[in-house]
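Lettering follows sequence order; numbering is per chain, from 1.
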Amino acid sequence: MSQVLEYSEKVMDHFTNPRNVGEIENPSGVGTVGNAKCGDIMRMYLDIQDGVVKDAKFKTFGCGAAVATSSMVTELVIGKTVEEALKVTNKAVMEALDGLPPVKVHCSLLAEEAIHAALWDYATDNGITIEGLEPPVKDIEEKEGHESAE
Amino acid sequence: MTDLIYLDNAATTPVDNRVFEAMKPYFEEYYGNASSVYRFAGKSTNAVDEARRIVAAFLGADKEEIYFTAGGSESDNWALKATAFSLKEKGKHIITSKIEHHAILHTCEYLEKLGFEVTYLDVDENGVIKLDELKSAIREDTILISIMFANNEIGTVEPVKEIGKIAREHGIIFHTDAVQAYGHVPINVEEMNIDILSASGHKIYGPKGVGIMYLRKNVRIGSFIHGGGQERGKRAGTYNTPGIVGFGEATRIASEKMKERYEYETKLRDYLIKGILEKIPYTKLNGHPTNRLSNNVNISFRFIEGESLLMLLDQKGICGSSGSACTSGSLDPSHVLLAIGLPHEIAHGSLRLTLSHNNTKEEIDYVIEELRKIVERLRCMSPLYEDFIRNN
């Protein structure tokens, strides 16, 4: 019925002691991606001042990898300019976590997408254009084309 | 209290020390091949025979109707494939349910690829087969009905006797996967009209890698494992003497202790269910409230996901399992939880805890308290919970 997957120590650390869990009051941007049907939802809050990510918080419904990738991506974007934050890829999140089991790669895509969704919210609210930023995909599976389905 | 609280007895059980002791001589001392002629092997032959006698008596069957296999999955495969192949001239239709173990479901899918037709019966919200739907699914060419005795995930016990009666009235072979029920609830193949039955050793404090298939005398189906002439030519392979002895001893103990264990486990089970439902909000019991295995607790926790729950329980030394998709590597949660009508997101947040007579009330109290804290922690992290609180 179930198998808890082999996770790296970093994943376990970020799952057990997730960084930046919570909400931001009056955030500059909020993005929610994933769906409950597939078992993962991530919500990312960003506080952006003068084009720099001052703070990031998250809430996640999902597995160990979903929590760990959310936690890691917040650490990666804090202190970066919005342009730099946009370039934080799922690969970077995975590398920072010392890898993910293959069936969990979609969690890192979701984390990347959650940041994009929050940035999109920030950009549309402020009527600015961030180069390379596309409208968020609500359901990451659409983008992946169900590649993660084993 | 020990460091480990094992609540996954539906996955497997520890080997009872008496079982282990009974097996030992057949590894070291009496290692002879039970099929050999010389007197030295006679010890092994007799031991296999005695185990067969114990199992037959336990099921109300004849010794000649018990076949030793390598476990529940082999017995299920044998029952389905051999029945299908042996009766294909008579018909190609099989009836089973949507909540069977994968050993049945995936075998059925395989048979479908070979041209057999399978009806997968729905169950009600408690996971019980609907007998009128079973009756109306029966066709002229139905050759087999395979319905599990009790469900491995939600513990619901099926109306096996009634299903057997319907099968008998229509002259259809009735197989039941009794892997979770064998040794836990009384089973009588005569009273329950069972033609074929699968059971496994490691769910009843016996060894892994050994099981049985009961096959009624007048039901003629072919072999599944071809080779030597063991098991009256029906199941080839050198006798796994220590395993078979272990299965026999585990059955003997189960038969002696069944009532006592059932009463103890039922009390503990209901105490655990009540504790969770009372102390943790937005929870729901899955499976039949009363007509369920004495060791099975299956609860859905809204707004959280099962794998996270299992990982945090593991950190507290508690072993359980979940119907979450994340624990299986697929996108869909448990087929059983979906079949009883749970929405996907609630099925993802399910937890199965399966007790044994070895668990104590003290352990259950600890589990309830830890579970309460863990669920609260995960809900604080959940956007679904955030939305729920905001909108209510």
Side-chain angles (χ1 to χ4, degrees), chain A residues 1-7 11-23 30-45 57-68 70-71 100-107 110 114 117 139-141 144 146-150, chain B residues 8 10-12 101-102 151-154 298 301-315 319-338 343-352 354 377-388 390:
Chain A
M1 194 168 165
S2 64
Q3 313 158 283
V4 172
L5 292 144
E6 284 293 316
Y7 285 134
V11 172
M12 286 308 292
D13 177 33
H14 276 260
F15 168 70
T16 312
N17 309 297
R19 283 48 149 187
N20 306 311
V21 177
E23 300 161 45
V30 188
T32 304
V33 294
N35 70 51
K37 205 180 166 213
C38 297
D40 296 299
I41 297 178
M42 285 183 198
R43 179 169 297 159
M44 208 60 70
Y45 294 84
K57 299 257 188 225
F58 78 91
K59 284 214 173 171
T60 289
F61 162 86
C63 61
V67 173
S70 309
S71 167
L100 283 176
V103 292
K104 301 291 186 181
V105 172
H106 75 279
C107 292
L110 209 56
D139 182 357
I140 191 71
E141 304 305 337
E144 279 179 281
H146 279 273
E147 268 171 31
S148 66
E150 289 295 302
Chain B
D8 204 14
T12 196
H101 189 272
H102 285 129
N151 185 268
N152 50 311
E153 293 188 36
I154 56 173
N298 189 310
F301 300 88
R302 284 178 68 190
F303 319 117
I304 64 171
E305 192 277 326
E307 190 200 278
S308 299
L309 186 58
L310 288 186
M311 287 169 68
L312 291 176
L313 284 170
D314 185 31
Q315 292 181 1
C319 307
S321 72
S322 167
S324 147
C326 286
T327 57
S328 66
S330 78
L331 289 175
D332 285 323
S334 146
H335 64 284
V336 177
L337 298 178
L338 296 181
H344 275 68
E345 63 269 30
I346 292 176
H348 282 298
S350 78
L351 174 69
R352 181 187 74 175
T354 43
R377 174 175 164 184
L378 288 171
R379 282 183 179 158
C380 281
M381 215 192 277
S382 166
L384 293 175
Y385 189 60
E386 182 187 318
D387 292 346
F388 175 79
R390 192 172 289 153

B:Phe303: what forms a ring pair (Phe, Tyr, Trp, His ring centres under 6.0 Å) with it, not counting sequence neighbours? B:Tyr282, B:Tyr385, B:Phe388
Looking at A:Arg43, is its backbone amide N or carbonyl O close enough to the side chain of A:Thr32 to form a donor-acceptor pair, meaning the two atoms are under 3.5 Å apart? no
So what's closer than 4.5 Å to chain B heavy atoms on A:Ala66: side chain, backbone, both or neither? neither
Portion of A:Ser70 that has a non-hydrogen atom of chain B nearer than 4.5 angstrom: neither
Under 4.5 Å from any heavy atom of chain A, what part of B:Arg377 do you find: side chain, backbone, both or neither? side chain
Compare all side-chain heavy atoms of B:Glu307 with those of B:Leu309 and state whether any distance is below 4.5 angstrom. no
Any residue meeting salt bridge (charged side-chain N to carboxylate O under 4.0 Å, His left out) with B:Glu345, in chain and number order, not counting sequence neighbours: none
Which atoms of B:Ile346 are under 4.5 Å from chain A, going by heavy atoms: the side chain, the backbone, both sets, or neither? neither
